[in-house]
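Written below as structure tokens is the structure these notes are about.
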Amino acid sequence: MPVYILTDGTGTRAQIPAHLTMISISLINTSTDCTNKVVKGKVIHKGPLAKLSLDNVVLKTIIQEDDASVSGSSHNLSINVFLFGSLAKNFNDAVSQGDVVMASGFIASKSPTAKKDNLHPYNLILSRDDACIYVSKVTKTPKYTYTRLDNLKNESVVNVYGVVVFFKQPFQTRGTDLCSTLKITDQSNENIGCTIFCEKLKDHPRIFQIGDIVRLHRVKAKLFNNSITLVSTFGFSVVTFDGSVGGAVQPRTSSKSFHFDEEDRRTVEELRSWATSKGLRPLVSSTVPLSGIQPNVYFDLTCQLLAKTPIDSTCTLLRVWDGTRCPYTLVEVIAEPGITEGPTSFSKVKESFIANVFVYDNHMEFAKLLKPGDFLRIYNLLATPGSNKVPGLTRSQPVEENHLAFHLHGGTSFGRGIRVLPENSLDVQELKRVFESFPEDPKDELNEVWGTPPESLDGGTVEGSGVFTERSCSHQMMPVTLSQLKQNHPDGAYHVRVQLRSYEPRRLYQSLKLFCSKCSSIQDIPDDESVAGIFSEASQHFETCWSPKWLESRQANLPRSQGFPSQALDVLPCVQLLFQKENKDFIFLNGSTLEETCQFAARVQNIVPVTSSGGHLNLLDLSAPFLFRGRKRYYGCKQCSDAVLRKPSFGREEVIDEKLLAKAFGVQLMQFVLLMKLELQDTTDTLDVFLMKHTELFFSVSAEEASISETAQNRISQIMNILCPPEGSVGQHPWLDLCLTAYRPEGDEGQNQTCYQICNTTIFTQSDPT
DNA sequence: GGTTAGGCTTCG
């Protein structure tokens, strides 16, 4: 008494034994010869397994014949079926409501409940040994097939997948519907325009950016202007997916039931990686925060609507913010209380973050549907100076010609339009996070100060905070947000607009390092204590020794500290220099302490400390400076130097300096560098970056100067104090325009880690001459 | 099972 599962899922009789003949349920009665007969019906009810005795169970089910499958009588198509014993158990396990079953080996018996249940007057009893059930498992939705975009035949209705390379948000047509225009592509590299007509917005594709992936069902291929286009047709539906590789495959659709299986997931993921490898997804989205906008450059804005005011018959004002402040002065607008949705005034601080967006013509219809609090993406927005060109209610301002207003002009060119973003989108969550941490107290004096808009508009970056930056790179790029940067991080240059959150080391001397340009090693500058140790070790071994002919030995009898014999110091000028009367410029010093060397250094321009061992003069260990020039000390790289005391040769006109001497003694000179790690933030994310190659440009201070000059050190400390004051919240830190370079550190194969450096950027303070 | 639009910047 088995239950067979049929594999083709269609419920045809191809898989049941040939000796069985199909009989319509409507023809069942007690006089029917049920031998070798089979009935077919859909399970419309499946009762529980009920115990009859210790070793027998019964299960009642109702099956209904599809009247289209049988010609003739159309009544009594639903019949009670009673299954016994193991057949009942197997049926219970294997069959679900909705499955189509075929039954054989039954007998018919009069139904005592026919009047009550209004079903077939007979029941089917399956208790015999030859009783058998064949099950066609229900396939819930039909399987869709998808046509590649290079395989579209004119006038055919197809289903397709594609990567969006162009899109317009739905706009009202002259007809009854809204229209979405998009262009999609797939691995065939065909670009296919799609036109989608639907009356309701919710039925349109939910595309937010280039690179999103759409699945269109029931679109018709039509030839237009010699190109195949796709147009929505009866029963059209669409599902949209984000296009980022590795992200969750989350279908965006309004339909409550739609087919989506493992194969769909795979298709989406394949399109994602294909599109990414083809560079179809823009590395940097066209979305720009208010802090990064540039006048007269079109951009997309992700923001929250705060208030809405009708201006005139062609224009509506949307007051929006995204938690960043636009560096340019914006037009002021008085919102009339009576006609405004949302607040008509905000704290002075918040006001300084608000952009006034004028929305014209066809977009007003959409604006009508918006509510304060909505999160929006406004596509193809333009900021233009000149408040005299702003319609309606602008307040007179002293320098209003330069003040920016945002315009969403009429028309739908370049995808111009507005879209409400769903609450669960990442962009909205980021905005919410920023708004939550936003200082709300309007009496916060500091905020008032930072809220003061800058007065200048001349191209560069300006802030009211006492510092501003200038980029010296030649890149013409829109700034990106840190989250965009982190999502797409190929090597290269980027512009960002950020605040400094923290930095290390906090003490300047810890950021001063020695760098070997040959082996790229970076090391700390030895502290005075360890250098003094090397000198005192060397001076204790002092012996007057044979010196080469090119040196003249002159014993110096200085009063010595620390109980050293007073004669134990050898000043060794070069003979050549003695004759040139330039002996003050360069001496070797044998047996001196660090302290004495520094005293000499105040009077002699170049001092190379030496030590004597085995009757020979040698350079000191390279852990100590190999040269003193005034207050500056120069070090050699231990790894890359092959240091030997040799006779240096001086050209007559040659200046004796660290480079010449390093070369003469085979010392690989180390450079002073300033190395800092800065934690940046904007409204979207934080990012650790290094200040390394261009630190000197950044501070306008040389690292070598910083190693000795208090003025240079103070400048760096002052700048860091302005960028990241020890007191106050990070939100009050000044905004900086920076050029960053992203790169993979050498020797980091396989780690796939990206590092960032600040490059081509200089900080100016208000006291700097400009 | 029908019309609309059929990318390629407003002009305020």
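To find a chain, count down the sequence lines: A is the first, B the second, and so on, and within it residues start at 1. Remember, it's a predicted structure, so these values are computed and weren't measured experimentally.
Summarising the geometry, the separation between CG on A:Asn362 and P on B:dC11 is reported as 10 Å, rounded to the nearest angstrom. A:His407 places its NE2 atom 10 Å from the P atom of B:dG12, with the value rounded to the nearest Å. Atom CZ in A:Phe234 sits roughly 9 Å away from atom P in B:dG1 (whole-Å rounding).
Here A:Gly410 lies in heavy-atom contact (under 4.0 Å) with a base. Among the protein residues, A:Lys183 comes within range of the nucleic acid bases, having at least one heavy atom under 4.0 Å from a base atom.
Relative orientation of the A:Phe167 and A:Tyr379 rings is perpendicular, given thresholds of 30° and 60° on the angle between their planes.
Side-chain contact between A:Ile213 and A:Val164: absent, with no pair of heavy atoms (C-beta onward) separated by less than 4.5 Å. Counting heavy atoms from C-beta on, the side chains of A:Phe241 and A:Thr253 never come closer than 4.5 Å.
With hydrogens and angles ignored, a donor-acceptor pair under 3.5 angstrom links the side chain of A:Asp361 to the base of B:dG12.
With sequence neighbours excluded, the residues that form a side chain to side chain contact (heavy atoms under 4.5 Å, CB included) with A:Ile196 are A:Ser180, A:Leu182, A:Cys198, A:His204, A:Pro205, A:Leu216, A:Ser232, A:Phe236. Under the rule for a side chain to side chain contact (heavy atoms under 4.5 Å, CB included), the partners of A:Leu426 that lie at least two apart in sequence or sit in another chain are A:Gln429.
Residue A:Thr181 places no side-chain N or O under 4.0 Å from the OP1 or OP2 atom of B:dA5.
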| A:Glu365/A:Lys368 under salt bridge (charged side-chain N to carboxylate O under 4.0 Å, His left out): CA gap, chis, key distance, verdict | CA-CA 5 Å; A:Glu365 203 59 28; A:Lys368 268 187 201 164; 3.6 Å; yes

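Within residues 148-176 of chain A, the residues approaching DNA chain B are A:Phe166, A:Lys168, A:Phe171, A:Thr173, A:Arg174, A:Gly175, A:Thr176, by heavy-atom distance under 4.0 Å.
With centroids closer than 5.5 Å and planes inclined by less than 30 degrees as the test, A:Phe197 and the base of B:dT4 pass as a stacked pair.
Among the nucleotides B:dA5, B:dC8, B:dT10, the one closest to the side chain of A:His409 is B:dT10.
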